[in-house]
Amino acid sequence: MALFLVGLAVQRFGARIIHAAMPPVVTGAVVMLIGFNLAPVTASTYWPQDQWTALAVMLFTGLAVVCLRGFFSRIAIFLGLVFGYALSWVLDLVFGKIHSPAGGAEAVDHWRLDLSGVGAADWIGLPSFHAPSFEWSAILVALPVVIALVAENAGHVKAVGEMTGDSLDDKLGTAIAADGAASMLSTAVGGPPNTTYSENIGVMAATRVYSTAAYWAAACFALLFGLCPKFGAVVAAIPGGVLGGITVILYGMIGLLGAQIWLNARVDLRNPLNLVPAAAGIIIGVGGVSLKFSDTFELSGIALGTIVVITGYHVLRAFAPAHLKTQEPLLDSGTSAYDEGSAPEKP
C-alpha cells in the first residue's frame, strides 16, 4: 500500500520529487548494486555446478548476442539456454554424472540435466489461494524496504530509458504505483509480494527488444504457463551450469547500466560528495553487508545499500562545503574533463 501511494504521489507531483531525492549519482549506484548484488548467486550457486558448461554457454551466448542478426539476435538468450540444455544432455550421455555442488550444497554425483520432475508434474494445476494475515511486526519490518523499492523502480525505469534513448520520467509514477498494486493483489490471495525483476532488464539489454506489445504477450504467456506445472518443471530443470553462463552476462549488463547512467549524466566521481555514498552503498549491496536491529528486523544487501546511498548522499550534501555542491572535482584534471566555459571557478 505504501509503495502504491508513493507512485500516486509521483504521478501527481511529477518525477521531479524522485529526481530531487535520487539524482543520477544515486540512481546509477542503485542500478549498479542491483546488478552486482546478484553476482554471488552466479559465483556460489550456478557456476560451480558445472563450470565448463557455464563457460561454454557464456561464450556461445556472447557470440550469439554480438554476431547474430535479425530475429536470431533477438532470441540470443533463449538460444543460449537451448544450447546449454542440449550440451548438458550430451555430456550426461558421454561422461555420465558430474561430481559437483548441487544448488549450493556439498559436492555430490548428480546428472547435469535431471528431467525426473517433468514426468511427475501435472499438465494443469491451480494455485493454492488463501486469505492474507496481518502482523504489525511484519509491517514495521517491511516499511523501510519501501525506500529501497522506490529507488529500485526508479533505477529500473532509468536503465530502460538509457537503453531506449527515450526519457521515461513521465512513466515513473505509473511504474511505482503498478508495483505496489501488483503486490497488494498478489498478497491479498496468499501470494508473495511482487517486484520488478532486474534480470528482465538484462534480457532487454541483450536482445534490444523494448516493445511493450512483446511484454504484454510475455505476461499473458507467463500467466498461462503458470497454470502448467509441467512447464514449470521444465524451467526448473535448467542445469545450474547453464544458468551460470547466462547470468554472468545478464547480471553484469545490469550493473554496467548504472555506469551508463553516470556517464550520460556526467557524474563526477572525483567529487567526494558523489564518490563516498556511491562507494559505500555499492560495497554494502554487492558484499551482502547486513545491519541487525533486533531478532526480527535486519536490513542487508540491496535494501541496506540503497538506503545508504540515498541517505548518505543527502546527509553529506547537507554538511558539505559549497564548492563541493557545485561539483568541483576532487582532483585537478585540466580542461579535458570539463568544458572550459562551464568549469566552476575555484573559491
Side-chain angles (χ1 to χ4, degrees), residues 1 3-4 38 41-42 45-46 49-50 53 57 61 71-72 74-93 97 102-105 108 110-134 138 149 156 175 177-204 206-207 209-247 250:
M1 174 65 78
L3 188 62
F4 176 71
L38 299 170
V41 177
T42 296
T45 302
Y46 295 145
Q49 292 185 44
D50 189 353
T53 296
V57 171
T61 305
F71 171 75
F72 291 104
R74 301 294 188 260
I75 61 170
I77 301 298
F78 177 72
L79 293 178
L81 289 172
V82 173
F83 170 79
Y85 233 95
L87 178 61
S88 297
W89 178 70
V90 170
L91 292 176
D92 280 343
L93 287 179
K97 293 183 177 180
V108 296
H110 64 94
W111 296 108
R112 296 169 180 83
L113 179 60
D114 183 4
L115 297 176
S116 59
V118 178
D122 296 327
W123 282 100
I124 299 176
L126 295 175
S128 177
F129 295 105
H130 60 85
S133 60
F134 299 92
L149 292 177
H156 288 170
D179 195 8
S183 290
M184 287 192 292
L185 177 62
S186 176
T187 53
V189 292
N194 296 282
T195 186
T196 53
Y197 286 96
S198 52
E199 292 87 343
N200 292 337
I201 295 177
V203 172
M204 293 171 71
T207 63
V209 174
Y210 314 118
S211 169
T212 53
Y215 290 95
W216 272 102
C220 292
F221 279 114
L223 290 172
L224 291 175
F225 286 138
L227 301 176
C228 179
K230 194 171 288 292
F231 176 80
V234 171
V235 174
I238 297 175
V242 177
L243 292 175
I246 294 292
T247 57
L250 293 184

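What you see below is based on every heavy atom in this structure, not just the backbone, and it leaves out hydrogens, waters and symmetry mates.
Shortest non-hydrogen contact noted between Ile77 and Ile246 is O-CD1, 3.9 Å. Taking every heavy atom of both residues into account, Tyr85 and Ala237 meet most closely at OH-CB, 3.5 Å. Across every non-hydrogen atom of Gly117 and Ala233, the tightest pair is O-CB, 3.6 Å. The minimum heavy-atom distance between Ser88 and Leu113, with the atom names listed, is CB-CB, 4.3 Å.
Between His110 atom NE2 and Gln49 atom CD the span is 6.0 Å, to the nearest 0.5 Å. Note: Thr61 OG1 to Leu79 CG = 8.5 Å, rounded to the nearest 0.5 Å. Atom OG1 in Thr53 sits 15.5 Å away from atom OH in Tyr46 (nearest 0.5 Å). Within the model, atoms CD1 of Ile124 and CZ of Phe231 stand 15.0 Å from one another, a figure rounded to the nearest 0.5 Å. Atom CG in Leu115 sits 10.5 Å away from atom CH2 in Trp89 (nearest 0.5 Å). Atom CG of Leu243 sits about 7.0 Å away from atom CG of Leu81, to the nearest 0.5 Å.
The environment of OH in Tyr210 is crowded: more than 12 heavy-atom neighbours from other residues, nucleotides or ligands sit within 6.0 Å. By the 6.0 Å contact criterion, CZ on Phe78 is open, its count of non-hydrogen atoms from other residues, nucleotides or ligands being 12 or less. Counting heavy-atom neighbours within 6.0 Å of Phe72 CZ, excluding the residue itself, gives a total of 12 or less. Within a 6.0 Å sphere centred on CG of Leu224, other residues, nucleotides and ligands contribute more than 12 heavy atoms.
Annotation: side chain of Thr247 is not in contact with side chain of Leu38 (no heavy-atom distance under 4.5 Å). Lys230 is not listed as a side-chain neighbour of Asp122, based on a closest heavy-atom distance of 4.5 Å or more.
In this structure, the side chain of Asp50 does not engage the main chain of Val242 through any donor-acceptor pair within 3.5 Å. No donor-acceptor distance shorter than 3.5 angstrom exists from the side chain of Lys97 to the backbone of Trp111, with no hydrogens or angles considered.
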